[in-house]
Amino acid sequence: MIRRSYLKYPIIKYSIVGLLGTGIHVGVLVLLVELFKVPAVIATTIGFVVTLVVSYVLNRNWTFESTGEGSRTQFLKYLLVCSCGLLLNAALMYVTIHWIGWSYLIGEVLTTIIVPIHNYIWNRYWIFSVPQKRQKEAS
């Protein structure tokens with residue numbers, strides 16, 4: 001069990017949301033493929049969209065406790081960052097497998113490290129950034 005004091009750090013909350021998102025994505029994928037016989041590519045796309053919305057809401061309201069700009073603008077930024085993360089994931093996998101010749105598992109390990117860091121930085125400092133005045137008041 002995570003100690004409550006650790007939950008004051010956005011990176012810990014972000015990790016929890018990421019794990020939950022992974023579970024939701026895989027759950028939707030398996031549910032749609034196994035129970036409803038939806039093709040896997042369509043099912044994973046639906047899982048990605050569901051996870052995107054759930055992760056956005058949790059990151060906005062819990063991880064970063066955002067009270068900044070409108071949620072529509074933030075969601076569009078979030079969508080852009082997640083899409084860039086998806087492209088980064090694909091590019092890293094392509095490079096590690098086809099250019100370097102490594103196993104796809106090594107590529108997956110690299111993407112599992114690099115993409116969440118990329119997304120966290122953009123989420124923390126661009127999408128859900130805390131205005132300077134609020135940062136000073138919190139200190």
Side-chain angles (χ1 to χ4, degrees):
M1 186 75 175
I2 296 175
R3 293 177 55 185
R4 202 170 232 350
S5 62
Y6 290 118
L7 292 179
K8 68 181 179 181
Y9 299 107
I11 190 77
I12 302 293
K13 292 179 180 180
Y14 186 80
S15 298
I16 292 168
V17 171
L19 290 172
L20 178 64
T22 300
I24 290 170
H25 191 157
V26 171
V28 168
L29 170 65
V30 170
L31 179 77
L32 291 176
V33 169
E34 298 299 326
L35 290 181
F36 298 102
K37 305 304 180 207
V38 174
V41 173
I42 293 171
T44 196
T45 302
I46 293 169
F48 177 81
V49 171
V50 170
T51 301
L52 178 82
V53 172
V54 171
S55 295
Y56 167 74
V57 169
L58 289 173
N59 280 319
R60 175 180 165 80
N61 296 314
W62 184 58
T63 304
F64 300 108
E65 301 174 10
S66 178
T67 59
E69 62 190 280
S71 60
R72 182 177 179 192
T73 302
Q74 282 183 329
F75 182 75
L76 292 174
K77 287 179 175 181
Y78 192 80
L79 179 60
L80 177 64
V81 168
C82 288
S83 298
C84 289
L86 183 61
L87 290 173
L88 179 59
N89 184 309
L92 287 168
M93 289 296 285
Y94 185 85
V95 167
T96 56
I97 295 167
H98 297 290
W99 288 6
I100 300 173
W102 291 346
S103 164
Y104 74 92
L105 295 173
I106 295 173
E108 185 60 28
V109 168
L110 286 174
T111 62
T112 301
I113 294 167
I114 295 170
V115 173
I117 292 170
H118 163 270
N119 287 2
Y120 177 79
I121 291 168
W122 283 102
N123 281 308
R124 173 111 172 137
Y125 297 105
W126 183 50
I127 300 171
F128 302 113
S129 63
V130 178
Q132 292 293 329
K133 184 177 179 183
R134 221 173 100 209
Q135 280 181 349
K136 289 178 183 175
E137 291 171 1
S139 301

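For the single chain, residues carry numbers from 1 onward in sequence order.
Cluster membership check: Leu35 shares its hydrophobic cluster with Ile42, using side-chain heavy-atom separations under 4.5 Å among Ile, Leu, Val, Met, Phe, Trp and Tyr. At a threshold of 4.5 Å between side-chain heavy atoms, the hydrophobic network of Ile, Leu, Val, Met, Phe, Trp and Tyr places Ile46 and Leu31 in one connected group. A continuous path of hydrophobic side-chain contacts links Val17 to Ile11 [ILVMFWY only; heavy atoms under 4.5 Å]. In the hydrophobic clustering of ILVMFWY residues, with side-chain heavy atoms under 4.5 Å counting as a link, Leu29 and Val49 come out apart. Residues Val26 and Val109 do not share a hydrophobic cluster, clusters being chains of Ile/Leu/Val/Met/Phe/Trp/Tyr side chains in contact below 4.5 Å.
More than 12 non-hydrogen atoms from other residues, nucleotides or ligands lie less than 6.0 angstrom from CH2 of Trp62.
The two residues Ala43 and Val38 make their nearest non-hydrogen contact at N-CG1, 3.8 Å. Heavy atoms only, all atoms of each residue included: Pro116 and Thr111 are closest at CD-O, 3.3 Å. Between His118 and Cys84, the shortest heavy-atom contact is CE1-CB, 4.1 Å.
Note that the CG atom of Leu80 and the CD1 atom of Ile127 stand 7.5 Å from one another [nearest 0.5 Å]. From Ser66, atom OG reaches atom CG of Asn123 across 10.5 Å, with rounding to the nearest 0.5 Å. Note: Ile117 CD1 to Thr112 OG1 = 10.5 Å, rounded to the nearest 0.5 Å. Taking OG from Ser83 and CZ from Phe48, the interatomic distance works out to 5.5 Å, rounded to the nearest 0.5 Å.
Classification of the Phe64-Tyr120 ring pair by plane angle, with boundaries at 30° and 60°, yields tilted.
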Indicate every side-chain donor-acceptor pair of residues 50-59 with a distance under 3.5 Å to a residue at least two apart or in another chain.
from	atom 1	to	atom 2	distance (Å)
Thr51	OG1	Gly21	O	3.4
Thr51	OG1	His25	N	3.3
Thr51	OG1	Gly47	O	2.8
Ser55	OG	Thr51	O	2.9
Tyr56	OH	Ser71	O	2.9
Asn59	OD1	Thr63	OG1	2.8
Asn59	ND2	Ser55	O	3.1
Asn59	ND2	Tyr78	OH	3.2

Which donor-acceptor pairs under 3.5 Å do the side chains of residues 86-106 make with protein atoms, sequence neighbours left out?
from	atom 1	to	atom 2	distance (Å)
Thr96	OG1	Leu92	O	2.9
Thr96	OG1	Met93	O	3.1
Ser103	OG	Leu105	N	3.1

